[in-house]
Visitor: 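Below you will find the structure I want to go over with you.
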Amino acid sequence: MTKRRVPASFQDAVATIGGFLTYPVAAEAVGKAERTVRNWSDPDTGALPTIEDAFRLDAAFIAAGGGDPPMLAAYAMRLERASMASAGAAEVAASMKTAVREGNEAVNAMFEALERGGDRLAREVAAREALEAADAFKSAAQKLVSGGGQA
């Protein structure tokens with residue numbers, strides 16, 4: 001049975017790394033038992049890696065071609081959540097509206113870039129719009145998770 005994990009949590013990050021590298025390889029990267037690493041991915045155990053172990057997991061993930069470091073992303077998200085004041089429902093709704101607008105602009109720019117074929121400027125504009133949309137959706141999600149919209 002798959003455990004439910006809070007998205008962008010440390011447990012979710014360890015599960016992502018363990019799923020990509022395999023848990024035995026992740027355990028080897030930090031010099032710990034496989035069971036220990038699996039416990040870090042289990043929200044029911046309360047176990048978490050040290051900062052140094054998190055660094056080693058991210059480094060192994062990157063070295064294996066995994067892309068952006070999941071532990072760093074979880075840490076950044078948690079820090080942002082802690083630094084944000086709880087947003088009200090109206091603020092969350094406004095943020096969601098902005099995200100949808102940015103998303104529509106990104107999709108339109110991407111279609112335009114496809115229609116223009118090799119137009120480098122159109123592709124760069126589309127990429128910028130897509131990144132702006134991603135930031136807007138991230139902001140809306142963070143406001144929602146930080147308690148926005150609760151009565």
Side-chain angles (χ1 to χ4, degrees), residues 1-89 91-107 109-111 113-114 123-151:
M1 177 158 109
T2 302
K3 290 263 185 177
R4 291 185 53 124
R5 294 176 182 86
V6 174
S9 66
F10 294 121
Q11 294 87 354
D12 185 50
V14 174
T16 297
I17 293 168
F20 183 79
L21 296 176
T22 74
Y23 281 94
V25 171
E28 185 178 322
V30 293
K32 301 279 194 307
E34 180 182 342
R35 182 78 243 148
T36 299
V37 177
R38 285 187 182 279
N39 283 342
W40 293 341
S41 73
D42 184 345
D44 295 335
T45 68
L48 292 172
T50 65
I51 300 264
E52 186 61 32
D53 290 333
F55 171 80
R56 288 182 180 140
L57 287 170
D58 273 348
F61 185 81
I62 292 167
D68 293 334
M71 297 301 292
L72 179 61
Y75 182 87
M77 178 77 83
R78 188 167 179 181
L79 187 60
E80 284 184 52
R81 285 180 195 154
S83 66
M84 293 175 70
S86 181
E91 186 179 351
V92 173
S95 186
M96 290 168 59
K97 183 178 177 182
T98 298
V100 169
R101 186 187 73 246
E102 291 291 343
N104 285 335
E105 290 173 6
V107 169
M110 292 172 126
F111 277 122
L114 284 174
R123 289 194 317 265
E124 289 176 4
V125 167
R128 184 187 71 237
E129 292 291 343
L131 293 173
E132 288 174 4
D135 287 343
F137 277 103
K138 180 179 175 184
S139 176
Q142 289 170 338
K143 287 176 183 173
L144 185 63
V145 169
S146 73
Q150 290 184 351

Visitor: State, with a plain yes or no, whether a side-chain heavy atom of P70 is found less than 4.5 Å away from one of F20.
Guide: no
Visitor: I want to check something: taking the side chain as every heavy atom from C-beta on, are V14 and F10 in contact at a cut-off of under 4.5 Å?
Guide: no
Visitor: In the structure I gave you, are the side-chain heavy atoms of V100 and M96 within less than 4.5 Å of one another anywhere?
Guide: no
Visitor: In terms of heavy-atom contacts, does CD of E28 have more than 12 from other residues, nucleotides or ligands at under 6.0 Å?
Guide: no
Visitor: Drop me the distance from R38's CZ to Y23's OH, to the nearest 0.5 angstrom.
Guide: 6.0 Å
Visitor: Can you tell me if D44 has over 12 outside heavy atoms packed within less than 6.0 Å of its CG?
Guide: yes
Visitor: Can you check whether L72's main-chain N or O pairs, donor with acceptor, with D58's side chain at less than 3.5 Å?
Guide: yes
Visitor: Under a 4.0 Å N-O cut-off, is there an ion pair linking E105 with R101?
Guide: yes
Visitor: Can you find a pair of side-chain heavy atoms, one from P49 and one from M71, that are under 4.5 Å apart?
Guide: yes
Visitor: Is the CZ atom of F137 crowded by more than 12 outside heavy atoms at less than 6.0 Å?
Guide: yes
Visitor: Which value, rounded to the nearest 0.5 Å, describes the distance between E132 atom CD and D135 atom CG?
Guide: 8.0 Å
Visitor: Side chain to side chain donor-acceptor pair (under 3.5 Å), that's the test. Do S9 and D12 meet it? Break it down for me.
Guide: CA-CA 5 Å; S9 66; D12 185 50; 5.3 Å; no
Visitor: CG of N39 to NZ of K32: how many Å apart, nearest 0.5 Å?
Guide: 12.5 Å
Visitor: Would you compute the distance between atom CG of L144 and atom OG of S139 and round it to the nearest 0.5 angstrom?
Guide: 11.0 Å
Visitor: Please test W40 against V30 for side chain to side chain contact (heavy atoms under 4.5 Å, CB included), starting from the C-alpha separation and ending with a verdict.
Guide: CA-CA 12 Å; W40 293 341; V30 293; 4.1 Å; yes
